[in-house]
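In what follows, a single structure is set out as structure tokens and then discussed.
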Amino acid sequence: MSKDAVNKELFVRVSKRDSISQKKAWGIRFAGIALSLIVCALVIVAIVNENPIRVYMGIINGAIGAKRRFWVTIREALTLLIIAVGLTPAFKMKFWNIGAEGQILMGGTVTAAMMIYFGDVMPNWLLLIVIFIASSLAGLLWGLLPAVFKAYYNTNETLFTLMLNYVAMQIVTFCIVFWENPTGSNTVGIINGATAKGWFSKIFGLQYGLNIIVVLAVTLIVFLYMKHSKQGYEIAVVGESQNTARYAGINVKKVIIRTMMISGAVCGLAGSIIVSGASHTISTSTAGGRGFTAIIVAWMSKFNPLAMIGVSLFLVFMQQGSIQIASQYGLNTNASDIITGILIFFLIGSEFFISYKLDFRKKSKEVK
Amino acid sequence: MSMLLTFLQNAIGQGISILFGASGEILTEKSGNLNLGIPGIMYMGGIAGLMAAFFYEKVSGNPNAFVGLVISLLASLLVSAFGGLIYSVLTISLRANQNVVGLALTTFGVGFGNFFGGSISKLAGGVGQISVKTTASAYRAVLPGLSNIPVVGKLLFSYGFLTYLSIVTAIFLTYFLKHTRKGLNLRSIGEDPSTADAAGIHVSRYKYIATISGAAIAGLGGLYFVMEYLGGTWTNNGFGDRGWLAIALVILALWKPVNAIWGSFLFGGLYILYIYMPGLNRATQELCKMLPYVVTIIVLIFTSKRNKHENQPPASLGQAYFREER
């Protein structure tokens, strides 16, 4: 035992990099992406026994091969983007909000309620404004709850927000009982299918024009808020160290609560974009894991909104593509989750090589 | 009386997969790793066991139940340990964020289960609905004689061996964590890795072993569900949110495996309570299903408010350890 300990030479030594050029960092990331694509190809080929080139052509075709598919990819990427943007303030504060699923669901439920109950009462533009406000409020409240307990009792927010996701899910199923259409189907169906009341209206002839405007506007606002406002600065300080923040006279409790209200509100708004701007229905799978994927998007983008656009496009592209591959070969569409998982593992892994340096020890015999 | 008995029996049946998951997660969390990949790993463990049994039964022609059991058990352990290995490499060696990796692993694992579960018949050449009756019969076998004792027999002896294994595992883990040197070392890593490191404990090795074996234990929860509970079939997303309930149970059990035993029965009971509650309509049933999560939130708030040291999560939970940064 002691002899081993004395002679134990580490094969590789890890140390933190002082700095890394942007070029090199992106080089590492692209190497990670390339590797992940190779592994994905191997997995797909092993399963479907098909030429990998054809598999990749199928992915591209599935994601952007037809006009409709192209727009679905854009729409889904936008949805993922706004959730990631919404999570950014909380995460920058090191508040682990993994409750975006629940916040989206609450926003979506309220949106559906507005569409059902106010569909015939208001003109569409007013209804949409009401939807935006109400869904944001619902998300805000769902984010406020864990924030208050975090601020006052230091309750573990990861677990709290996680549990709230499932409470939200039950609230959705509760509501579905009342909104069921047709009766006995246990689903809500397409809401206002005939009148399209509360649906996002076409803008510039684009079906998803309003989605683009709302998402990009929110992205820009959050970007400016985080980077150029006093509150954004306070969030960063609290995230660095709560003690420093207290020393600098920042009211940490207030910042935690305020930031989570913003974060929750944006996620709630995302719920309205899904329900009102895309699916026009509500179910427990309205959030569909996007609240979790968005965490990964935000984290991998290092909270940079521009990078988030790229990362969400890439992930959605691969997801849509692999759904196509799976259905082409008569397989289950959950293949896309496997592909997403593999991609993320590699992307997360490559971050290590950006922040750390490896020094390989040269083989040297000790001379006694 | 007999309805109460059925309720208790079903509550236990519901609880066992959650208990496996929670035991595995407690072991993992004691080393300071918060593995949110457990729900995915449970899907992986379930489908791996099912696939192994399926291909064994298909190849052998005249399958032997016991052989099928051994093969599927090993496959389940291996694949879920592999899930734990992915998590460990990324979080321990590559120091990636634990929550991010865990969530990605859950996405991956649930997709893995649903993909193979949904595609297996196609991959095997289109044999229709998969079913591994022979192997499942071994998982469902009960002790002859004992289960025929009135009342007690049904309540205590009407389960397959995985049920008893889950309880034994939880008791063993409690003993291990509390009364062995290695358990003490493991706990000290979860509380303060740099001090443990200074005391000569190999932090990374402990973290790897705890996380991988924790994942393997959790995977058995999936296997139990597929083999004993469902009797050897697969429905996509059929396992539901039980994986997250397992993580919730860790909190309810205050990071003590023995508490997880009664906790899992309680959760199992709450999970199916709506079926037995008289006078509920469909809407209130749905509200009733909220109970396990609401109870967990209340426990979470209560423990953090009382701030009693032994009821807190391990102090370094969720943080990567890097020797040169201490």
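Each chain gets a letter, A, B and so on, in the order the sequences are listed, and its residues count up from 1.
Put simply, of A/Thr173, A/Thr158, A/Ile295, A/Asn334, the one with the most heavy-atom pairs under 4.5 Å next to chain B is A/Asn334. Ranked by heavy-atom pairs under 4.5 Å with chain A, the list B/Gln285, B/Lys289, B/Met290 is led by B/Met290. Listed options B/Phe115, B/Phe108, B/Tyr293, B/Phe116 were ranked by heavy-atom pairs under 4.5 angstrom with chain A; first place goes to B/Phe115. Ranked by non-hydrogen atom pairs under 4.5 Å with chain B, the options A/Ile342, A/Ile339, A/Leu162, A/Asn156 are led by A/Leu162. Comparing B/Leu317, B/Val250, B/Ile86 by how many heavy-atom pairs each has under 4.5 Å with chain A, the most go to B/Ile86. Each of B/Val110, B/Thr284, B/Ile251 has some count of heavy-atom pairs under 4.5 Å with chain A, and the biggest count is that of B/Ile251. Of the listed residues B/Thr296, B/Asn236, B/Asn97, the one with more heavy-atom pairs under 4.5 angstrom with chain A than any other is B/Asn97.
Scanning both residues, A/Ile344 and B/Ala104, for their nearest heavy atoms gives CG2-CB, 3.5 Å. In terms of heavy atoms, B/Ser93 sits closest to A/Phe352 at O-CE1, 3.6 Å. Taking every heavy atom of both residues into account, B/Leu300 and A/Thr155 meet most closely at CG-CG2, 3.7 Å. For B/Leu103 against A/Phe292, the heavy-atom pair with the smallest separation is CD2-CD2, 3.6 Å. Nearest approach of B/Trp244 to A/Met163, heavy atoms of both residues: O-CE, 4.0 Å.
The 12-atom threshold is not exceeded at OH of A/Tyr153, counting heavy atoms of other residues, nucleotides or ligands nearer than 6.0 Å. A 6.0 Å sphere centred on NZ of A/Lys302 holds more than 12 heavy atoms belonging to other residues, nucleotides or ligands.
Within the 4.5 Å cutoff, the side chain of B/Val294 has heavy atoms near those of the A/Val167 side chain. Residues B/Val100 and A/Ile348 have side chains in contact (heavy-atom distance under 4.5 Å, counting atoms from C-beta outward).
Only the side chain of A/Met169 comes within less than 4.5 Å of a heavy atom in chain B; its backbone stays farther off. Heavy atoms of A/Phe353 lying under 4.5 Å from chain B belong exclusively to its side chain. Contact annotation for A/Leu343: neither backbone nor side-chain heavy atoms come within less than 4.5 Å of a heavy atom of chain B. Only the side chain of A/Glu180 has a heavy atom closer than 4.5 Å to any heavy atom of chain B.
In this structure, A/Phe174 CZ and B/Cys288 SG are separated by 12.0 Å, a value rounded to the nearest 0.5 Å. B/Thr107 contributes atom OG1, which lies 5.0 Å from atom CD1 of A/Ile296 (distance to the nearest 0.5 angstrom).
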Self-check item: Verdict with supporting geometry, B/Val89 and A/Phe345, side chain to side chain contact (heavy atoms under 4.5 Å, CB included)
Solution: CA-CA 10 Å; B/Val89 170; A/Phe345 291 147; over 6 Å; no
Exercise. Decide yes or no on side chain to side chain contact (heavy atoms under 4.5 Å, CB included) for B/Leu245 and A/Tyr166, but give the supporting numbers first.
Key: CA-CA 10 Å; B/Leu245 270 176; A/Tyr166 294 96; over 6 Å; no
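No donor-acceptor pair under 3.5 Å is formed between the side chain of A/Gln170 and the backbone N or O of B/Leu287.
A/Trp96 pairs in a side chain to side chain contact (heavy atoms under 4.5 Å, CB included) with only one of the listed residues (B/Asn99, B/Leu36, B/Leu34), which is B/Asn99.
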